[in-house]
Amino acid sequence: MNIEKIYKDADALLEGHFLLSSGNHSQFYLQSAKVLENPKIAQLLADELAKQIKKSGLKIDTVCSPALGGVLAGYELARSLGVRFIFAERVDKKMTIRRGFEIKNGENILICEDIITTGGSALEAAQVATNMGANIVAFAALANRGFCSRAGSNKSMKATCKLPRDTPFFALADFEFDIYEPENCPLCKDGSDAYKPGSRGN
Ligand code: ZN
């Protein structure tokens, strides 16, 4: 399965001159929500991810996603795996699990995101679930930005990856883009202006 082509065809992998929330610039931007706009493609991607996870032999009772980004990917993955789905959400910036979702002591939980950059939100969701009794068996995402190392890849994990080193992380593909500080951005040097993704209709 050519994941990059699927993202490109769905206009989820954008090319331009982007101003990232970090203040840095990049030529590429991953708009994960766009690839999940079509439920059939979402299902296809989740099935592919589920295949990897099943092959690992891990026992998973529940998929939990940090809202909002991870919810669609996690829900589709739970459907593919045939397990329960719950989500964590921020209330006053603090990650919580509410809405009556319960976690049994020792319940095997996989944390799923649409995209893992450094994995900060995924880690926070894992910590909340752990506090409620969960046993975190794995992390998963459709796309990996290349800071964390996915199962089966020989690319090394960067120091900024927040996911625990001793828990497997499954993802379909690595999307590694160069990121530039504005003063060293070759796109700026070429004379164009950086813009926020979404501000020009994308
Ligand atoms: Zn620039």
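Counting convention: from 1, in listed order, for ligands and their atoms alike. Quick caveat, the model's predicted, so the values are computed rather than measured. Only this structure's heavy atoms are used, side chains among them; waters, hydrogens and symmetry mates stay out.
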Original post:
When you check the gap from the basic side-chain N to the acidic O, do Arg150 and Asp174 get nearer than 4.0 Å?
Top reply: yes
Original post:
Does a side chain donor of either Ser121 or Arg90 reach within less than 3.5 Å of an acceptor in the other side chain?
Top reply: yes
Subject >> Any side-chain heavy-atom pair of Ile6 and Ile41 under 4.5 Å >> reply: yes
Original post:
So do Ile109 and Asn135 actually touch side chain to side chain, heavy atoms under 4.5 Å?
Top reply: no
**OP:** Would you kindly say whether the two SG atoms, from Cys112 and from Cys64, are closer than 2.5 Å?
**Re:** no
Original post:
What protein N/O/S atoms lie closer than 2.8 Å to the Zn ion (ligand 1)?
Top reply: His17 NE2, His25 ND1, Cys185 SG, Cys188 SG
Original post:
Less than 6.0 Å separating the ring centroids of Phe28 and Phe177?
Top reply: yes
